[in-house]
Colleague: 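Below is a structure I'd like to ask you about.
Along the sequence shown, residues are numbered consecutively beginning with 1.
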Amino acid sequence: MSILFTDVYIYDAEAESGMFGPTDVLVRGNRIDTIGAGARLAFELNADITGGAVAGADAGSHTGARARTDTASQSRQSQPETHRIIDGARHHLLVPGLINAHFHSPANHLKGSLRSLPLELFMLYESPADPALTPSPREAYLRTMLAALEMLRTGTTSVQDDAFLMPFPTPEIIDAVMQAYADCGIRASVALDQPELSEAEKLPFIAETADEQLRRSLQNPAPLDASGLLEAYDYLLARWHRAEGGRLTAAVSISAPQRVSPQYFEAINELSRTHTVPLFAHMLETKVQRTLAEHQPRFAGRSLIEYTADLGLLSERMNVIHAVWVDDADLALVAAAGATIAHNPVSNLRLGSGVAPFRRMKDFGITVSLGIDEAICDDSANMWGVVKAAGLIHNVSGLDSDLWPAAAEVLDSLWRGGASAMLQSHQLGAVREGYLADLAMLDLHSSAFTPFNDLRGQLVYCEAGGSVRLTVVNGAVVFENGAVTTVDETALLDEARELFAEKLPVIERARRNEDANFGHYQAMVRRAAATDVGMTRWIGNS
């Protein structure tokens with residue numbers, strides 16, 4: 001399979017204008033083979049040698065044919081080797097596929113269903129501990145597919161899914177999630193985000209005010225112990241790591257340092273080291289989590305980042321997720337370890353977590369990536385909204401305007417930062433010869449770019465996904481002509497509407513059962529809010 005893009009512009013982070021062209025780009029197999037003058041000749045020679053059919057597609061008129069199958073593997077088996085020409089017509093731009101560096105797919109079917117609340121209250125209603133909410137494999141498949149389709153439609157080609165599979169991961173549910181990613185064609189790195197300790201060990205203050213019933217429930221062990229969770233990782237790694245030609249990979253997750261024991265943390269870190277995969281760790285997302293330093297004895301006055309560093313587990317393989325309530329000492333440790341911070345500005349706004357210190361992160365030389373977090377606290381799976389929010393929210397930081405993020409810095413976080421988070425900086429995040437062919441093609445004659453003034457500014461502040469005309473993952477076209485090409489999108493959406501409409505009353509009933517605990521958790525959040533932690537990440541306090 002080869003694709004020749006003709007007369008396209010190419011995003012180039014080093015170019016003064018942010019792009020060059022028009023030029024030609026040859027994709028062979030799953031990689032970018034040639035950019036520039038030799039692309040057409042190499043394409044013609046390759047087509048002659050392989051003898052495959054040559055199909056034309058004019059990006060301006062969207063007349064290309066598309067195939068649709070139930071699974072990616074069926075698609076590969078049924079399609080003969082083909083060679084396509086896609087004419088960019090001198091008004092289309094190839095950009096690296098967008099990278100969603102932090103995501104939780106199990107909440108994909110819940111977008112818009114909860115009012116804004118602080119994280120600790122939000123989580124009560126997001127995933128109540130109710131056996132009736134245990135998903136079937138088909139539910140897990142469909143809810144995973146929902147966001148994957150939206151991501152492909154808007155040019156996101158890679159996602160890091162920190163999947164909390166409640167009440168605990170089973171082989172059947174793991175398979176359902178991974179099969180959805182296999183079928184739709186996206187690049188996905190998936191971890192199992194599960195707690196290993198009781199609720200009482202994760203939170204400050206709450207045991208002091210809890211009634212007897214809540215106090216007992218706080219002491220309940222996690223649904224699956226460390227041994228069971230590690231067995232689930234053994235299955236994920238053996239069955240799915242580097243599946244689909246390397247497009248699907250495993251990652252590992254502790255969820256957060258306060259949610260696991262040091263022994264389990266060390267075991268997860270060893271998996272990360274052995275398999276060279278990212279390790280996801282939520283750290284200091286909220287002020288409640290900042291107060292753990294003084295109000296959970298095992299942290300002995302140390303922040304979650306200091307605690308992790310003292311364990312020797314802060315490394316270049318770690319994604320430090322959120323990092324809102326960090327201080328300079330924390331950032332110095334992250335920088336020294338070479339870890340990447342996953343910044344989720346829309347989620348942080350939705351949950352009132354605060355504004356992360358983006359400029360201080362950059363001052364310390366830390367690589368920052370961008371993430372949606374999850375559809376229930378972003379209310380979409382469209383990375384362009386995250387890009388715009390990252391370009392705007394830090395303008396209210398109180399810093400001099402010279403220190404506000406430039407559009408180029410935001411795009412650097414999206415692409416270079418995302419590739420770093422995935423430990424794939426050597427082959428993702430740029431349109432470059434030898435890199436994986438994960439691409440999005442945008443129409444510069446769309447409203448977001450008309451009139452054309454400044455590429456970087458219009459990518460960050462104007463584009464919302466509507467200019468994406470074509471998405472390529474691993475060398476395969478997965479979205480064009482307004483439709484995802486790999487699955488029957490209409491049938492899947494129809495099925496999801498029916499299934500989750502039936503499930504909604506069950507979800508709402510489980511949420512109502514949590515109302516009895518709301519006041520206790522709210523008291524904890526309010527006490528943390530009133531605690532002096534030597535900083536604030538909230539804007540407009542009076």
Side-chain angles (χ1 to χ4, degrees), residues 102-137 139-144 146-147 161-170 172-174 176-177 190-203 206 214 217-218 220-224 228-229 232 253-256 258-260 280 282 285-286 288-289 321-322 344 347 350-351 353 371-379 381 496 499-500 502-518 520-522 524-525:
H102 180 59
F103 193 60
H104 299 287
S105 67
N108 286 344
H109 60 304
L110 298 172
K111 59 187 179 184
S113 67
L114 284 179
R115 71 182 181 96
S116 295
L117 287 167
L119 173 71
E120 292 78 14
L121 299 174
F122 197 87
M123 289 177 67
L124 278 178
Y125 298 104
E126 173 197 29
S127 52
D130 189 323
L133 296 182
T134 300
S136 68
E139 285 179 56
Y141 178 91
L142 288 171
R143 73 188 185 189
T144 305
L146 284 173
D161 185 358
D162 195 18
F164 54 92
L165 303 175
M166 306 302 285
F168 54 83
T170 65
E172 294 78 14
I173 298 297
I174 292 170
V177 171
V190 182
L192 309 175
D193 176 351
Q194 308 296 140
E196 185 239 347
L197 297 179
S198 69
E199 190 81 347
E201 296 171 273
K202 307 175 200 172
L203 299 169
I206 192 165
L214 177 58
S217 70
L218 291 173
N220 289 338
L224 195 61
L229 291 173
S253 174
I254 58 158
S255 187
Q258 72 273 22
R259 298 169 187 161
V260 298
F280 304 152
H282 295 72
E285 179 178 358
T286 67
V288 168
Q289 293 173 13
I321 302 163
H322 295 294
N344 305 271
S347 172
R350 183 77 150 84
L351 306 183
S353 299
I372 286 170
D373 197 6
E374 56 188 341
I376 193 176
C377 54
D378 185 300
D379 303 291
L499 189 153
F500 291 116
E502 293 175 357
K503 189 87 176 202
L504 187 58
V506 181
I507 295 170
E508 291 174 340
R509 184 168 59 250
R511 287 174 173 174
R512 287 193 295 272
N513 291 338
E514 293 295 335
D515 288 345
N517 296 323
F518 182 86
H520 300 290
Y521 277 77
Q522 187 178 60
M524 172 190 67
V525 170

Colleague: Can you confirm whether Met524 sits close enough to His520 that some side-chain heavy atom of one is under 4.5 Å from a side-chain heavy atom of the other?
Modeller: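 No, their side chains stay 4.5 Å or more apart.
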Colleague: Within a strict 4.5 Å, meaning less than it, do heavy atoms of the Arg143 and Leu110 side chains meet?
Modeller: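 Side-chain contact under 4.5 Å: no.
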Colleague: Could you tell me which residues satisfy side-chain hydrogen bond (donor to acceptor under 3.5 Å, both in side chains) with Ser127, sequence neighbours excluded, listed by chain and number?
Modeller: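 side-chain hydrogen bond (donor to acceptor under 3.5 Å, both in side chains) check on Ser127 returns nothing, list empty.
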Colleague: Keeping to residues at least two apart or across chains, list the salt bridge (Lys or Arg N to Asp or Glu O under 4.0 Å) pairs with something in residues 192-203.
Modeller: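 Every pair satisfying salt bridge (Lys or Arg N to Asp or Glu O under 4.0 Å) with a residue in residues 192-203: Glu199-Lys202.
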Colleague: Would you find a donor on one side and an acceptor on the other, under 3.5 Å apart, between the side chain of Gln522 and the backbone of Phe518?
Modeller: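 No, Gln522 side chain to Phe518 backbone: no donor-acceptor pair under 3.5 Å.
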Colleague: Between the side chain of His104 and the main-chain N/O of Asp162, is any donor-acceptor distance below 3.5 Å?
Modeller: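 Checked: pair present.
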Colleague: Minimum heavy-atom separation for Asn220 and Ser198, please, with both atom names.
Modeller: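 So the minimum-distance heavy-atom pair works out to O-CB, 3.2 Å.
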Colleague: Would you say Ser347 and Asp378 are linked by a side-chain donor-acceptor pair, where the criterion is simply a distance under 3.5 Å?
Modeller: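 Side-chain D/A pair, Asp378 to Ser347: absent.
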Colleague: Please report the closest heavy-atom contact between Phe122 and Ile376, naming both atoms and the distance.
Modeller: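 For Phe122 versus Ile376, the nearest heavy atoms are CZ-O, 3.6 Å.
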Colleague: Tell me every residue that passes side-chain contact (heavy atoms from CB on, under 4.5 Å) with Ala375, counting only those two or more places apart in sequence or in another chain.
Modeller: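 Result, side-chain contact (heavy atoms from CB on, under 4.5 Å) vs Ala375: Asn108, Lys111.
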Colleague: Quick check for you: to the nearest 0.5 Å, what is the distance between Leu121 atom CG and Asn517 atom CG?
Modeller: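 Result: 11.0 Å between the selected atoms.
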Colleague: Kindly write out the residues that satisfy side-chain hydrogen bond (donor to acceptor under 3.5 Å, both in side chains) with Ser116, not counting sequence neighbours, or none if the list is empty.
Modeller: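 Expected list: Arg350.
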Colleague: Can you see whether Thr286 engages Glu120 through a side-chain donor-acceptor pair at a distance of less than 3.5 angstrom?
Modeller: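 There is such a pair between these side chains.
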Colleague: Please find the pair of heavy atoms, one from Ser255 and one from Ser253, that lie closest to each other, and give the distance.
Modeller: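 Nearest heavy atoms, Ser255 then Ser253: N-OG, 2.9 Å.
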Colleague: My understanding is that only residues two or more places apart in sequence, or in another chain, count here; which of them pass side-chain hydrogen bond (donor to acceptor under 3.5 Å, both in side chains) with Lys503?
Modeller: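 Lys503 satisfies side-chain hydrogen bond (donor to acceptor under 3.5 Å, both in side chains) with Glu139 only.
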Colleague: Write down the atom of Gln194, the atom of Leu165, and the distance for their closest heavy-atom approach.
Modeller: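 That would be OE1-N, 2.8 Å.
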Colleague: If we only count heavy atoms from C-beta on, is the Arg259 to Ile254 side-chain gap below 4.5 Å?
Modeller: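 No. Closest side-chain heavy atoms not under 4.5 Å.
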Colleague: Ignoring hydrogens, what is the shortest heavy-atom contact between Ser217 and Leu214? Give both atom names and the distance.
Modeller: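 Smallest interatomic distance, heavy atoms only, reads OG-O, 2.8 Å.
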Colleague: Within the structure provided, determine whether Glu285 and Leu351 are in side-chain contact (heavy-atom separation under 4.5 Å).
Modeller: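 Yes; the side chains approach each other to less than 4.5 Å.
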Colleague: His102 and Asn344: side-chain donor and acceptor closer than 3.5 Å?
Modeller: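 Their side chains do not contain a donor-acceptor pair, so the 3.5 Å distance test is not met.
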Colleague: How many angstroms lie between CD in Glu514 and CG in Leu124, if you round to the nearest 0.5 Å?
Modeller: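 Reported value, rounded in 0.5 Å steps: 5.5 Å.
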Colleague: Between Phe164 and Met123, is any pair of side-chain heavy atoms under 4.5 Å apart?
Modeller: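 Heavy-atom side-chain distance check fails, nothing below 4.5 Å.
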Colleague: Do you know which two heavy atoms are closest between Ala510 and Asp130, and how far apart they sit?
Modeller: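 So the minimum-distance heavy-atom pair works out to CB-OD2, 3.5 Å.
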Colleague: Do the non-hydrogen side-chain atoms of Tyr125 and Leu117 ever get within less than 4.5 Å of each other?
Modeller: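 Tyr125 vs Leu117: side chains touch.
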Colleague: So, using side-chain hydrogen bond (donor to acceptor under 3.5 Å, both in side chains) as the criterion, who are the partners of Glu126 when residues are at least two apart?
Modeller: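 Partners of Glu126 under the side-chain hydrogen bond (donor to acceptor under 3.5 Å, both in side chains) test: none.
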Colleague: With a 4.5 Å cut-off on side-chain heavy atoms, are Phe500 and Leu142 touching?
Modeller: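 Yes - at least one pair of side-chain heavy atoms lies under 4.5 Å apart.
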